[in-house]
Amino acid sequence: QDFETLLIETRGDVGLITLNRPKALNALNSTVMRELTQALRSFDADPQVGAIVLTGSEKAFAAGADIKEMQPVNFVDAYLDDLLGGWEAIAATRKPIIAAVSGYALGGGCELAMMCDFIIAAENAKFGQPEITLGVIPGMGGSQRLTRAVGKAKAMDLVLTGRMMDAAEAERAGLVARIVSTERLLDEALEAAAKIASFSRVAVLMAKDAVNRADELTLAEGLRLERRLFQSLFATADQKEGMAAFMEKRKPDFNNR
Ligand code: HXC
């Protein structure tokens, strides 16, 4: 399947999506939104794929929503067309997505990285929500997901001043899971995704679901959901295999379908 703004491939059990609008630093226009949604849906439906990596170029993961496309929009059109609303489909992906971020992840680019399940950053990564400098505010989750990720103090600092933070600051703040060298970035993300893909598929999807509920439920409800999901995994062949393999001191062979 050919996309105008994405490169798609599978590496073993991992689906790899590369944003590919190099001249616009991977600015996120409506074509990217449509194609990315489609690509993620098809990886979600592909039994071969156990995890997904989303990356950009060395210079830019994505420098934001496409300013050229947004410039002429008026309020009524923005409201009636639900401008940027379609991006919520990304977070509905059930398989884990790792964002491998090199260079700029600004505005919608930072927000897209935060829709993924975790971020591996190259040393040269730069994160920010510069919308305020354009006379607007974050519109793809920045005020909500960034605040949950790094807390109110730093989220306010970034959203109100529009400044960028480097990879080290982003890791200290809890936005980024790991920092690696720029050369290692893609391999590190692919290796992490391959590891995830090697585990019990049903356990992996439940783990993602459970962690994501932490932002939405009360502690009591979240703990109850976690325990019920945990208990339900004892109905799977993968739990029998995983625990038998441990007892027998061998590698488990999960039956991912
Ligand atoms: C459209 C973009 C773009 C964007 C860069 N480009 N970012 N086009 N939308 N968000 C284009 C430039 O116009 C330029 O095209 C080319 O990419 C290269 O960019 P340069 O600026 O020449 O590169 P450089 O000098 O290296 O600076 C990199 C940069 C800068 C610091 C990342 O491009 C920048 O500040 N970009 C905008 C970042 C931003 O404000 N993002 C938030 C967007 S708003 P030409 O044709 O001139 O070569 C957003 C809102 C979401 O995401 C929700 C609220 C509505």
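Just follow the structure's listing: the first ligand is 1, and inside any ligand the first atom is 1.
- Proximity of Ala65 to ligand 1, defined as any heavy-atom pair under 4.0 Å, is shared by backbone and side chain alike.
- At the top of the distance list for atom 14 (C) of ligand 1, counting protein heavy atoms only, stands Lys23 O, 4.3 Å.
- The closest approach between a heavy atom of Leu28 and any atom of ligand 1 is not below 4.0 Å.
- Remark: side-chain polar atoms of Lys208 are not paired, donor with acceptor, to backbone N or O of Ala203 under 3.5 angstrom.
- By the 3.5 Å distance cut-off applied to N or O atoms, Ala63 is counted among the residues near ligand 1.
- The distance criterion of under 3.5 Å between nitrogen or oxygen atoms is not met by Leu106 with respect to ligand 1.
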Pairs under 3.5 angstrom only: tabulate donor-acceptor contacts from the side chains of residues 49-73 to other protein residues two or more places apart or in another chain.
{"unit_1": "Thr55", "atom_1": "OG1", "unit_2": "Ala100", "atom_2": "O", "d": "2.8"}
{"unit_1": "Ser57", "atom_1": "OG", "unit_2": "Lys59", "atom_2": "N", "d": "3.4"}
{"unit_1": "Ser57", "atom_1": "OG", "unit_2": "Ala60", "atom_2": "N", "d": "3.0"}
{"unit_1": "Ser57", "atom_1": "OG", "unit_2": "Ala60", "atom_2": "O", "d": "3.1"}
{"unit_1": "Asp66", "atom_1": "OD1", "unit_2": "Lys68", "atom_2": "N", "d": "2.9"}
{"unit_1": "Asp66", "atom_1": "OD1", "unit_2": "Glu69", "atom_2": "N", "d": "3.1"}
{"unit_1": "Asp66", "atom_1": "OD2", "unit_2": "Arg21", "atom_2": "NH1", "d": "2.8"}
{"unit_1": "Asp66", "atom_1": "OD2", "unit_2": "Arg21", "atom_2": "NH2", "d": "3.4"}
{"unit_1": "Glu69", "atom_1": "OE1", "unit_2": "Ser30", "atom_2": "N", "d": "3.1"}
{"unit_1": "Glu69", "atom_1": "OE2", "unit_2": "Ser30", "atom_2": "N", "d": "3.3"}
{"unit_1": "Glu69", "atom_1": "OE2", "unit_2": "Ser30", "atom_2": "OG", "d": "2.9"}

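- Tyr79 belongs to a hydrophobic cluster with Phe75, Val76, Leu80, counting contacts under 4.5 Å between side-chain heavy atoms of Ile, Leu, Val, Met, Phe, Trp and Tyr, direct or through other members.
- In this structure, Val202 and Leu205 have side chains that are not in contact, with every pair of non-hydrogen atoms separated by 4.5 Å or more.
- For atom 30 (C) of ligand 1, the protein comes within 4.0 Å by no heavy atom at all.
- Remark: the backbone N or O of Arg163 is paired with a side-chain donor or acceptor of Thr161 at under 3.5 angstrom.
- Every atom of ligand 1 is numbered from 1 in the order shown, and the set under 4.0 Å from a heavy atom of Ala24 is 2 (C), 5 (C), 6 (N), 11 (C), 17 (O).
- Summary of contacts: the protein heavy atom closest to atom 50 (C) of ligand 1 is Glu131 CG, 3.3 Å.
- Taking the side chain as every heavy atom from C-beta outward, Trp87 and Leu36 approach each other to under 4.5 Å.
- Polar contact check, Ile67 against ligand 1: a nitrogen or oxygen pair lies under 3.5 Å apart.
- Side-chain contact, Glu35 with Thr5: a donor N or O sits under 3.5 Å from an acceptor N or O.
- The atoms of ligand 1 that sit less than 4.0 Å from any heavy atom of Leu134 are 40 (O), 43 (C), 44 (S).
- Using a 4.0 Å cut-off to heavy atoms of Ile137, the atoms of ligand 1 that qualify are 53 (C), 54 (C).
- In this structure, Lys59 has a heavy atom closer than 4.0 Å to ligand 1.
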